[in-house]
Structures are given as structure tokens and as C-alpha cells.
Amino acid sequence: MSTPYNQLTALLAISKASFRAIFRQPSAIFFSILFPIIFILIFSSFGSGGFTRHIIAIEPGTDINNAVYDSMVKSPFIKILDYTGKNGVVDTARMNKELNRGQLETIVGIHVTKDSAGQDHYRIDVKSTTAAGNNLPLLLQFFENLTLKMERNYKGNSMNHFAVIPEVKEVRKYRSIDFILPGQLGFSVLFSTLFGIAFTFFNMREQLVLKRFYASPVNRINILLGIGMSRLFFQLLNVVILIGFGYFFLHFTLIHGFLTFLEMILMTIYMLFLLMGVGLIFSSIVKTDTSIPLLINLFGFPQMLLSGTFFSVDVFPKWMQPFCKALPLTQFNDAIRKISFEGVHIPGCWRQIGIMGIWIVVIYVILVRVLKWE
């Protein structure tokens, strides 16, 4: 009597062989680990000098028909974010949330009253948090210089027409690394997975390895899982290294410690499953391996630039932001940042998981139709 073929043994053997093949490519290690670390070091050092543009919001009910507001609008040092929703109501919850995270430096309120002589008096409320870091003193200095210049336009010796009143709330410090590192995780996972899966599967098909597997008793799904698992293990190893580097050397925030780390790993696995499908699609529709980088760049570079990898999506025009937020890498970056700094658990990232889930369904429906074994 013949011994039944052990599918689990075959799956593990394929995974092991594919995993070993990854480490025979020095470029894979460079672009997956060293390259993101270089980016982390570069971008985490930003904000220590040079031109500073302050990101502020206007408090609801503020008087904007005055010279102080006009000067802020015209200043190249000030960017005013608009939190007005489609219903015309200011989203104060989102405004305060971004203020506490340091994405918004201050909320400015301008209140104008008249004295008995009919002259205007301005009270400029500057509400901020400790998350703004070193930018707050610079912003206060901007207002002091602005009001000093405007005082000179008033007649007489009185210098009390303007009052700048700061209010600073103590919150957990939001460092630049808390924004940069999740973006670099996404950057590493995106390109390393796509290049690794697409080229590996294409070469195995061209060298008739997949055809031989297909003729063997190994299930086709195990062949795909074996290739995918090797890439999964390699990328998870990269993620552990990058998180560990950020946590121990750059004080990256893991708000719930090891639990946060595990949840970041689970979100990464989810993203890897999505990207594995994309890589298999690319390897199946190209006729030569020279076409693979073109497709990967067409898919990857818009996401690298538009998904909040290096800077917030809010810097883009409003008409572009819905497109940016529909990208899977945007949702991955947002989920990782919510988990690591805000302390949100995976169920709280239902929106990001749902949008990525839609991408997964579409990707794997396409994959079923285009996948080639020979």
C-alpha cells in the first residue's frame, strides 16, 4: 500500500527553500532593512533647523475680518488648515486630536473689542500642547513680532492694543520618529514584497519549476503559500528589526509595549497578504522580467509619495486627498500610527482594515483570472 503524500512537508520544504534563496540576494537585505533605516535617520532629524512653516487652525467663532488674520494668511511661515466639514460645521474633535498629536501646532483665536475711544484691542489666544515641541516658541515669537509691527500703526504712546495669550496643555510628546517609522515600515513592506514575490514567481515559471511542481502531488495552493510564507517570514524579520531599532535607539512609542508590537505585526501580515496578490498578478501578466520593475513602480511610487510615508496626506490639495486615502498603503500607515502612538487596538482600526479588505478582494479576484503556471 502506497504512503499518502504529505502536503504539509511539501509546503514547509518549499517555504524553506524559498526563504534561503532570499538571503542569497544582498540587494534584498539592503533595500528591506538598511535602506529604510537610512530614511528613518534622515527624516527623524528634520525639524531641528532651517525654514519652519507653522501648521495652525483657527478657533471656531474667531473674528477673521481684521489685520491680524490677514497677516497670518499672507505669511509664508504660516499654513492654516481648514477643519470645516461638508455640512459646514468645524470638526473640533479632529482638530483637538491632531493638536494633541503634534500634527497641528496651535489653535488660534482672535477676539476684537473696542475701547471708549473707539480703538480696536486684539486678544490673540494661542492654544497648544507640549507635542508641538520647539515649534511653539518660534510661533509665539512670530506673533510677538507681528503685533509689535502693528502697534506702531496706532497713534499715541499706548502699546496695549494687542495681547498674545498662550495656553499650553501637557500631553504625551509626539516625536517625528512616531510619524516616520510607520511610513518606513510601509515603504519597506511594499517594495520588498512586490519585488520579491514578482521576480521569484516569474523565474520559477520561466525555469519550469512551477510546471514540475504542478505535475507533482503538491497542491497548487501549497506552492503559492510556500512562496508567500518565505516572503512573509523575511518581511516580518525586517519589521522586527526596524521597530526594535526605532524603539531602543530613537525612542519610538509603543504605547502598550509588547501588545502594541504584536498588533503591529498582525497588521503587517494583513498588508503582506494584500501585496502578495499584487506581486503574483504582475508576475503573471508580464512576458519578460524587465517589465516587472515598471509595473511595480507604477503601483508603488504613487503610494510612496501620496500615502503619508514621508509627510501627512493633509499637505495635499483637498481634491487629491480622497484618492490618497483610498490607497492601501495610506490605510496601513494610518493603522500602524493609531496602534503605536494612540493606543488604538486592531478592532478600532476597522475603517483601515475594511478599505484594505476591499483591495484584497479585488486583487485576488483578478489574480484568479490571470494567474499562470507555465
Side-chain angles (χ1 to χ4, degrees), residues 10-11 14-15 17-19 21-22 24-25 27-28 30-32 35 186-216 218-235 238 268-307 309 323-333 354-374:
L11 169 62
I14 294 172
S15 300
S18 183
F19 188 68
I22 293 172
R24 297 193 186 103
Q25 303 172 4
S27 60
F30 176 78
F31 283 104
S32 299
F35 202 59
F187 171 83
S188 173
V189 166
L190 177 71
F191 282 99
S192 181
T193 303
L194 290 180
F195 274 100
I197 291 290
F199 275 104
T200 299
F201 194 82
F202 180 85
N203 290 333
M204 290 178 73
R205 191 179 74 236
E206 289 297 298
Q207 296 169 8
L208 303 180
V209 174
L210 290 179
K211 188 175 182 180
R212 296 190 190 99
F213 276 140
Y214 187 63
S216 71
V218 182
N219 290 335
R220 281 187 286 179
I221 189 65
N222 282 342
I223 298 173
L224 296 179
L225 286 176
I227 298 171
M229 284 174 59
S230 66
R231 180 54 54 177
L232 172 69
F233 293 145
F234 180 67
Q235 281 304 128
N238 297 338
T268 302
I269 293 174
Y270 192 54
M271 184 65 174
L272 286 169
F273 183 67
L274 184 154
L275 294 173
M276 187 175 77
V278 177
L280 290 173
I281 290 174
F282 290 164
S283 68
S284 298
I285 63 177
V286 299
K287 295 183 178 179
T288 63
D289 58 358
T290 57
S291 301
I292 293 177
L294 174 62
L295 292 177
I296 291 176
N297 289 333
L298 286 174
F299 179 81
F301 268 98
Q303 296 194 74
M304 183 182 74
L305 299 174
L306 302 177
S307 63
T309 300
F323 171 76
C324 297
K325 292 177 180 178
L327 297 173
L329 188 60
T330 303
Q331 301 305 318
F332 175 76
N333 290 340
I355 294 176
M356 291 171 66
I358 294 172
W359 275 92
I360 288 174
V361 171
V362 173
I363 287 168
Y364 279 88
V365 167
I366 296 173
L367 178 61
V368 169
R369 295 179 177 271
V370 303
L371 184 63
K372 294 180 182 179
W373 292 90
E374 54 181 289

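Computed over heavy atoms, backbone and side chain alike; hydrogens, waters and symmetry mates excluded.
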For Thr288, the side-chain contact (heavy atoms from CB on, under 4.5 Å) test, sequence neighbours excluded, returns Thr290, Ser291

Those residues at least two apart in sequence (or on a different chain) that pass side-chain contact (heavy atoms from CB on, under 4.5 Å) with Ile363 are Leu274, Val278, Ile281, Trp359

*asked:* Using modelled atom types and a 3.5 Å cut-off, is there a donor and acceptor pairing between side-chain atoms of Tyr270 and backbone atoms of Gly357?
replied: yes

### Query
Would a distance-only check, ignoring hydrogens and angles, find a side-chain to backbone donor-acceptor pair under 3.5 Å from Gln331 to Ile355?
no

So, do Phe234 and Leu272 sit near enough that their side-chain heavy atoms are less than 4.5 Å apart?
-> no

With heavy-atom distances below 4.5 Å as the criterion, would you say the side chains of Leu275 and Phe299 are in contact?
yes

Across all chains, not counting sequence neighbours, the ring pair (Phe, Tyr, Trp, His ring centres under 6.0 Å) partners of Tyr364 are Phe273

Those residues at least two apart in sequence (or on a different chain) that pass ring pair (Phe, Tyr, Trp, His ring centres under 6.0 Å) with Phe301 are Phe191

Kindly compute the distance separating [atom1] ([X]) from [atom2] ([Y]), expressed to the nearest 0.5 Å.
X	Y	atom1	atom2	answer
Leu371	Ser283	CG	OG	7.0 Å
Ile292	Phe199	CD1	CZ	4.5 Å
Met356	Ile358	CE	CD1	12.0 Å
Asn333	Phe187	CG	CZ	12.0 Å
Leu194	Met276	CG	CE	12.0 Å

Sorted by chain and residue number, the side chain to side chain donor-acceptor pair (under 3.5 Å) partners of Thr309 (sequence neighbours excluded) come out as Ser307

Side chain to side chain donor-acceptor pair (under 3.5 Å) filter on Thr193, not counting sequence neighbours, yields none

Query raised in the report: Checking side-chain contact (heavy atoms from CB on, under 4.5 Å) for the pair Leu280/Ile197: CA distance, chi angles, key distance, verdict?
Result: CA-CA 7 Å; Leu280 290 173; Ile197 291 290; 3.9 Å; yes

Note: Pro302 and Asn297 closest approach over all heavy atoms is CD-O, 3.5 Å

Nearest heavy-atom approach of Met271 to Val189 is CG-CG1, 4.2 Å

Worksheet item: Can Ser192 and Gln235 be counted as having a side-chain donor-acceptor contact under 3.5 angstrom?
Response: yes

